[in-house]
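Take a look at the structure below.
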Amino acid sequence: MTSSESIGLTQNYFELFSLDVTFDIDSKNLSDNFRSLQQTVHPDRFANASDQEKRISVQRAAQINEAYQVLKSPQRRARYIIELQGIVFDDQANPVMDPMFLMQQMELREGLSEVKSNPDPEAALDKILAELKTSKKAILTKLAEQLNTPDNADLDKASQLMHELQFLDKLQHESEIIEEELMDSL
Amino acid sequence: MALIQISEPGQSSKPHERKLAVGIDLGTTNSLVASVRSGQAAILPDINGKELLSSVVYYAKDKQIIVGDEAVPHKISDPLSTLSSVKRYMGRSLDDIKSKESPLHYEFVETDSSVPRIHTQAGDVSAIEVSAEILSVLKERAEQTLGDELTGAVITVPAYFDDAQRQATKDAAKLAGLNVLRLLNEPTAAAVAYGLDKGSDGVIAVYDLGGGTFDISILRLNKGVFEVLATAGDTALGGDDFDHVISEWIKAELKLNKSLEKSFQNQIVKTACQAKQDLTTELSTTVTLDNDGQTLTLELTRDQLNSLLDPLIKKTLMPCRRALRDAQVELDEVTAVVMVGGSTRVLRVRDKVGEYFKQNPMVDINPDTVVAIGAAIQADVLVGNKADDELLLLDVVPLSLGLETMGELVEKIIPRNTTIPVARAQEFTTYKDGQTAMSIHVVQGERELVSDCRSLGRFSLKGIPPLVAGSARIRVTFQVDADGLLHVSAREETTGVESGIEVKPSYGLTDNEIEKMLIDSMEHAEEDVAARMLHEQQVEANRVLEALAAALEDDGDMLSAEERAAIDTAAENLIKVNLKGNDREIKNAMEELDKVAEVFVSRRMDSNIKKAMAGHNVDEFDG
C-alpha cells in the first residue's frame with residue numbers, strides 16, 4: 001500500500017487557478033478564482049441535472065477543492081513547488097539537522113511535557129503553540145526566498161527546510177493531542 | 001433543467017415556471033418544513049396553523065400509522081409501539097444502540113442486514129421507515145399548501161452525522177418519495193438563514209445547542225459563498241444535561257432518596273426543565289413537587305441556576321476553541337455568532353458565549369425554526385428559482401475517514417474538515433497468487449485505534465484479475481460527495497479492469513431492500529411500486545433529454561460528426577423507449593446514452609472551467 005495521493009489533473013494546480021508558479025501568491029486572487037471555479041462546477045449547480053452531469057461535477061469540484069487546499073497552505077504549496085521541479089520528496093528520510101534547530105526542538109518538547117503539571121495548562125499550551133507558529137513562520141520566509149523563483153531554487157536547501165517544518169508539525173500534533181486531553185478532562 | 005446552467009447559472013429552460021422546493025428540518029423532537037414563497041422563506045404550518053410536527057410515530061394494532069402530536073398521548077398507553085426520538089437510531093447498528101441506551105426504550109429485533117428493526121404491534125420497522133413516515137407527512141403538508149408536486153427537498157442533518165447516519169437519512173427521504181436535492185448541515189443552514197438577511201461578509205460562528213447534542217461550526221462568508229472552515233462538537237451534551245443537573249440539585253436540597261419512583265423522577269425532571277425556562281424571564285422561581293400527596297417547595301434563583309449550569313456551558317467552549325484552531329481563525333476575526341437550538345434560550349448560555357467570542361450573539365431568528373428556513377432558501381437556489389443568485393455552500397467532512405491497517409491502526413485517508421466534495425485515491429496490492437477479492441475496512445473518527453473509531457463497514461472488492469502476489473495494483477478511490485456521503489470505487493491499474501471490480505459496503509440499505517420496504521408500505525404493493533418506479537424513470541429520462549437538447553444547441557460544435565451521430569442515435573432510442581418501455585428498459589437506454597455522451601459532458605465542463613478563468617488571466621499578468 002502506498003501513501004494516499006490526490007486525483008490527478010491534466011493541468012498543474014497553479015495553471016488551473018491562472019497563477020504563476022511562485023511561493024508568494026496573492027491569496028485574494030487565489031480565493032476569488034476558487035470561488036469562480038466552484039460557482040461553475042459545484043454539484044449545487046447541477047442539483048437538477050442528469051446523474052451523469054452530477055457525477056462529473058462532483059469529480060471536478062473535488063479536484064478544484066484539492067488544488068485549492070494545496071495552494072492555500074504555505075507548507076503544502078512549498079512542497080508542491082518542489083515536486084513540480086521533479087524532486088520526489090521523501091517523508092521518511094532522516095536528514096542531518098541543524099544543531100541549533102534541534103536544541104530549540106528539545107526545549108519545546110520539554111515544555112510540552114510539563115504542560116499538564118502547570119497550574120494554568122491552557123496558558124502554558126498556548127505559549128508553546130505561539131512559539132511553534134513563530135518558528136514555522138520563520139522557516140516559511142526562508143522557503144519563500146528559495147521558491148519564489150523555482151527555476152533558480154536551491155532545492156536541497158528547500159527540502160531541508162521542509163523537513164524542519166515536518167519536525168514542527170509533529171510537535172504541533174502532539175500539542176493538539178494534549179489539548180484534546182485537556183478538553184476531555186474538563 | 002438545462003445543461004447550459006453552468007454558463008448561465010440558475011436559468012431554467014422554462015423561465016416562467018417556478019419549481020416547488022422545500023427545506024425540511026428532520027429533528028429528534030420536532031420536525032418542520034419551510035419554503036420560499038414570493039421571495040420570503042417561511043415555515044409551512046399544518047391546517048391548524050401549527051408549525052412544529054412532533055417527531056413521534058404511533059403504530060396502532062389495526063396497522064394505522066399516526067404521526068405527530070396525535071401520536072404523543074400513546075406514549076403512555078402504548079409505549080413500545082409509539083416511537084419517538086428515532087433520529088438517535090439512524091445509521092446505528094444494534095450494538096451501537098445498546099452501548100448508548102440502557103435500558104433500551106423499545107424492543108429491537110436483529111435482522112440479516114445491518115439495519116436493526118423495532119418491534120411494534122403493527123410489525124417490525126426500522127428507524128429509516130419511521131423517519132420516512134414523518135417526512136411523508138411534511139411532504140403532503142407542503143404539497144397541499146403549495147398546490148403541486150414538489151421538485152425536490154433539502155433535508156438537514158447535524159454537522160457531526162457520520163456517513164451511515166447521512167445515508168440512512170437519504171434512504172428515509174427516498175422511501176417517502178422525496179427527491180433529495182441536498183443533505184445540508186444544520187449549522188450551515190442556520191448561517192444561510194442569517195447570512196442572507198444581513199448580507200455581510202466575514203467569519204461566522206454557529207453555536208448549536210439542542211436537547212441532546214452540541215455543535216459549533218466556523219464559516220467564512222464571502223460574496224455569497226459560505227465556506228465551512230471547521231466543525232466540532234459533543235454528541236452527548238445538551239439541554240437534557242441542564243435539566244439533569246437541576247434535578248440533581250433539587251434532590252440534594254430536598255434530601256430526597258436516590259432511588260425514586262420512575263414517575264416521581266420524571267416529575268422532578270419536568271419541573272427542573274420548567275424552572276430553567278422560567279428563569280429566562282424571572283430572577284427567581286419556586287419549584288413545587290407533589291410526592292404522594294405531600295407538597296414540597298424550593299426556591300431557585302437565577303444566580304444559583306447559573307452556577308449549576310456554568311460547568312456544562314464551559315464544556316461547550318472547548319469545542320469552540322478546537323473549531324477555531326482547526327479553522328485557523330483568531331477569535332477577533334469572528335464577525336458574527338449565530339445561536340441555534342432551544343437550549344440557547346437560556347440567558348446564561350448567551351452571556352457566556354458572548355463573553356467568549358467578545359460580542360453579542362445573534363438571536364433574532366427563532367432558534368427552533370432557523371434551520372428549516374435556511375434549508376428552504378438553499379432548496380430554492382438548488383432548483384434554479386433564483387436566476388442570478390450567487391449562494392454557494394462549501395461544506396466539510398465532519399469526522400476523519402480512515403482505513404484499518406496492520407495492528408488495528410487507523411490510517412487517515414480524508415482528514416476531518418476537508419472541504420467536500422473530495423476524492424482521494426490509495427493503492428493496494430494482493431498478498432496471494434491469484435487473489436481475486438479483498439476487503440477494506442473503513443472507519444470514521446479521530447482516534448488512532450480502529451476500536452476507538454466508528455466502523456462504517458467493510459467494502460469488499462471482487463473480480464480482481466488473478467495475478468502473482470504483489471503485482472496487482474488496485475487503485476481505490478474514496479469520494480465524498482456534496483451530501484457528505486462516501487462512495488468507493490476501484491480499478492486494477494496494470495490491466496485496467498474497472499467495471500469488473502465490484503465494491504459493496506456492508507452497511508446501509510441496498511436498493512432491493514428499499515424496494516421491499518416500499519412494497520411493504522403500500523396497500524396495492526407491487527403494482528403501485530412498479531408504477532412509481534416507471535414514473536421516476538420517465539421523469540429522469542425527460543430531464544436527461546431536455547438537458548441534452550439544450551447542451552447540443554449551445555455546444556454541438558464541440559463534437560465530431562461521428563460523436564454527434566452516436567449521441568443522436570442513443571437519444572432517439574431513449575425517446576422511443578420512454579414512450580412504451582418499462583422502467584428497466586428506460587434505465588438501460590439512459591445508461592447507453594450516458595456512455596456515448598460522457599465525452600461531451602466532460603468537454604463542456606472543462607470548457608466552462610476555462611471560461612471561468614479566462615477573465616482572470618488578464619488582471620494577473622498586468623499586475
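All figures in this text were calculated on a predicted structure; none of them were measured in a lab.
Here the side chain of S57(A) pairs no donor or acceptor atom with the backbone of F46(A) at under 3.5 angstrom. Not one N or O on the side chain of D20(A) forms a donor-acceptor pair closer than 3.5 Å with the backbone of T22(A).
T151(B) touches chain A through its side chain: at least one heavy atom from C-beta onward sits under 4.5 Å away, while N, CA, C and O do not. With a 4.5 angstrom heavy-atom cutoff, D26(A) does not touch chain B via any of its atoms. In this structure, chain A has a heavy atom under 4.5 Å from the backbone of I420(B), while its side chain stays farther away. Residue E591(B): no heavy atom, backbone or side chain, is found under 4.5 Å from chain A. Only the side chain of Q378(B) comes within contact range of chain A, with at least one heavy atom under 4.5 Å from a heavy atom of that chain.
In terms of heavy-atom pairs under 4.5 Å with chain A, the best-connected choice from R321(B), E540(B), E227(B), K223(B) is R321(B). Annotation: maximal heavy-atom pairing with chain B below 4.5 Å, among L129(A), I177(A), D51(A), occurs at D51(A). Among the candidates V480(B), D483(B), N222(B), L393(B), the residue making the largest number of heavy-atom pairs closer than 4.5 Å to chain A is N222(B). The residue among D481(B), L181(B), L394(B) with the most heavy atom pairs within less than 4.5 Å of chain A is L394(B). Of the listed residues (K54(A), E176(A), Q52(A), Q38(A)), the one with the most heavy-atom contacts under 4.5 Å to chain B is Q52(A). Considering only heavy-atom pairs separated by less than 4.5 Å from chain A, the leading option among G152(B), P319(B), S602(B), A482(B) is S602(B).
In this structure, R473(B) forms no cation-pi arrangement with F428(B), as its terminal cationic atom is not both closer than 6.0 Å to the ring centre and no more than 45° off the ring axis.
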Item to check | Verdict with supporting geometry, S50(A) and E53(A), side-chain hydrogen bond (donor to acceptor under 3.5 Å, both in side chains) | outcome: CA-CA 5 Å; S50(A) 69; E53(A) 286 169 279; 3.1 Å; yes
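Comment: K314(B) does not engage D310(B) in a salt bridge, judged by the lack of any side-chain N to carboxylate O separation of less than 4.0 angstrom.
Checked by atom type, the side-chain pair Q69(A)/T419(B) shows a donor-acceptor distance below 3.5 Å. Q104(A) and S135(A) form a side-chain donor-acceptor contact under 3.5 Å, judged by distance and modelled atom types alone. Remark: the E411(B) side chain and the Q426(B) side chain contain an N/O donor-acceptor pair separated by less than 3.5 Å.
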